[in-house]
Colleague: 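Encoded as structure tokens, here's the structure I'll be asking about.
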There are 2 protein chains.
Amino acid sequence: MLKLTRKVEYSLIALRHMQRKSIDSVSSTKEIATHYNIPLEILAKTLQHMAKENIIEAINGPRGGYRIKAKLNNINLAEFFEKVEGPLGLSDCFYDANCMQIEHCNIRTPIQRINDNMINMFRSMSVQDITN
Amino acid sequence: MLKLTRKVEYSLIALRHMQRKSIDSVSSTKEIATHYNIPLEILAKTLQHMAKENIIEAINGPRGGYRIKAKLNNINLAEFFEKVEGPLGLSDCFYDANCMQIEHCNIRTPIQRINDNMINMFRSMSVQDITN
DNA sequence: TTTATATCCGATATAAATTATCGGATATAT
DNA sequence: ATATATCCGATAATTTATATCGGATATAAA
Ligand code: SF4
Ligand code: SF4
């Protein structure tokens, strides 16, 4: 409960790795996977996904790889989590309302307050705060 | 990702339900389950668990059920989540360190900061803040 | 032009966590 | 005695997360 997924962690690890290099040098999937002991194919998928979201860009061919494309200090953590993992919310009903209890739920409003607190907390931090 | 479990929601729904009654009246599992459309057996398990944690107490026999035992304003949400769901943490390595990346992980420290923020947020609210 | 090294992409398999159910024991007020 | 409860261990089903496969495409360098 309340955990980050591997996909998010792998994304952040990769971003931090790339950020420590000069701006135009690229990092291959294999390089990152072996360095951090991440399953290659999963990392590949993760990086493809981030490329599609325009966070990083792919350079094809030999000596290719990925490099950072977006301004990481302009992406807050709430946005980032949603880009990588989809909708964010403590309970389903905050983004997808098919809950059996919703008709009679007596805790939705109080939980929404907590949810807002949490999301505000993530909004107050940028990806750069982590990768720096 | 980052969602509460049903067990936590059912627990809170039940607590709020009980809190709205006079202090010594009891609520049966069936009463709560039908009122909120929660699967009976699951709710039963959930209530048994809270009873074992001394949050509520069970009254056996006909006309039995559960009633609140603990002072809900003395239990903060971080404690509560841990009582109901077990250890709390954004990543496994904060309570159970068998992660393949831990040797070379470059994001553990920054994520720990976020983790601390989150847990402090939960510590700053009591169960009563939700059930009231 | 060929080759080796990359990413790309859809589909699928595996594992883990969550959610739900079953069967039968025990307690107790009426 | 009986009906109404909780109690408890075991297990099943479902959903989510994690990992893998197979083959296409792009391109730098030999
Ligand atoms: S139980 Fe209440 S808070 Fe939880 S998902 Fe359903 S409606 Fe939302
Ligand atoms: S990847 Fe890093 S932060 Fe995540 S669990 Fe492993 S060691 Fe902890």
Side-chain angles (χ1 to χ4, degrees), chain A residues 1-11 13-14 18 25-34 37-53 56-67 69 81 84-92 95-96 98-101, chain B residues 1-11 13-14 18 25-34 36-53 56-67 69 81 84-92 96 98-101:
Chain A
M1 185 179 97
L2 293 171
K3 283 200 312 189
L4 300 178
T5 60
R6 284 310 204 189
K7 206 165 157 193
V8 165
E9 292 201 325
Y10 295 158
S11 297
I13 288 174
M18 292 184 222
S25 72
V26 301
S27 311
S28 75
T29 303
K30 190 193 288 182
E31 169 191 335
I32 300 176
T34 57
N37 196 27
I38 300 172
L40 182 78
E41 295 294 334
I42 307 218
L43 181 63
K45 276 278 181 295
T46 302
L47 296 177
Q48 285 162 31
H49 186 182
M50 278 205 290
K52 193 174 288 178
E53 296 287 346
I56 58 181
E57 67 183 331
I59 311 295
N60 273 2
R63 318 224 10 112
Y66 293 91
R67 67 183 168 209
K69 185 176 181 191
F81 290 162
V84 174
E85 274 296 335
L88 202 58
L90 282 178
S91 302
D92 291 332
Y95 55 86
D96 168 359
N98 58 353
C99 164
M100 290 198 307
Q101 285 78 42
Chain B
M1 184 179 98
L2 292 170
K3 283 200 313 188
L4 300 179
T5 60
R6 285 308 205 191
K7 206 164 155 193
V8 166
E9 293 201 324
Y10 296 158
S11 297
I13 287 174
M18 291 185 223
S25 72
V26 301
S27 310
S28 75
T29 303
K30 190 192 289 180
E31 168 191 334
I32 300 177
T34 58
Y36 298 98
N37 197 27
I38 300 171
L40 182 78
E41 293 296 333
I42 306 216
L43 181 63
K45 276 279 182 295
T46 302
L47 295 177
Q48 284 161 32
H49 186 181
M50 278 205 290
K52 196 174 284 179
E53 295 287 347
I56 58 182
E57 68 183 330
I59 309 296
N60 273 1
R63 318 226 6 114
Y66 293 91
R67 66 183 170 209
K69 186 176 180 190
F81 290 162
V84 174
E85 275 297 335
L88 202 57
L90 282 178
S91 303
D92 291 333
D96 169 357
N98 57 351
C99 165
M100 288 198 308
Q101 286 78 41

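Letters A, B, ... are given to chains in the order of the sequence lines, protein chains preceding strands, and every chain is numbered from 1. What's counted below: heavy atoms across the whole structure, side chains too, no hydrogens, waters or symmetry copies.
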Colleague: Quick check: do S27(B) and R67(B) have side-chain heavy atoms less than 4.5 Å from each other?
Modeller: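 No, every pair of side-chain atoms sits at 4.5 Å or beyond.
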Colleague: Using a 4.5 Å cut-off on heavy atoms from C-beta on, say whether the side chain of E85(A) contacts that of L4(A).
Modeller: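 The answer is no; the side chains never approach within 4.5 Å.
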Colleague: Using chain B heavy atoms and a threshold of under 4.0 Å, write down where along DNA chain C the contacts begin and end, 5' to 3'.
Modeller: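 So the contact region on DNA chain C extends dT19(C) to dA29(C).
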Colleague: Could you check whether any side-chain heavy atom of F81(A) comes within less than 4.5 Å of a side-chain heavy atom of P87(A), counting everything from C-beta outward?
Modeller: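 Side chain of F81(A) against side chain of P87(A), heavy atoms only: no contact under 4.5 Å found.
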Colleague: Please tell me if the side chains of K7(B) and M1(A) come closer than 4.5 Å, counting only heavy atoms from C-beta onward.
Modeller: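 Contact flag for K7(B)/M1(A) side chains = no.
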Colleague: Do S11(B) and V84(B) have side chains that approach each other closer than 4.5 Å (heavy atoms only, starting at C-beta)?
Modeller: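 S11(B) vs V84(B): side chains touch.
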Colleague: Is there a side-chain contact between Y10(B) and Q101(A) in this structure, where contact means two heavy atoms from C-beta onward sitting under 4.5 Å apart?
Modeller: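 When only atoms from C-beta onward are counted, Q101(A) and Y10(B) do touch, with a gap below 4.5 Å.
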Colleague: On DNA chain D, nearest-nucleotide positions of N60(A) versus R63(A): which is more 5'?
Modeller: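 Of the two residues, N60(A) wins.
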Colleague: Map G64(A) and E41(A) onto DNA chain C by nearest heavy atom, then report which one ends up closer to the 5' terminus.
Modeller: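 The 5'-side residue here is G64(A).
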Colleague: Both atom distances under 3.5 Å, Watson-Crick or G-U wobble: I'd like the secondary structure of DNA chain D as a dot-bracket string, with | for pairs made across strands.
Modeller: ||||||||||||||||||||||||||||||
Colleague: Once you round to the nearest 0.5 Å, how far does SG of C99(B) lie from CD of E9(A)?
Modeller: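 One gets 6.5 Å once the value is rounded to the nearest 0.5 Å.
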Colleague: Taking the nucleotide of DNA chain D with the nearest heavy atom to each, does P62(A) or R6(A) sit closer to the 5' end?
Modeller: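 In this pair, the answer is R6(A).
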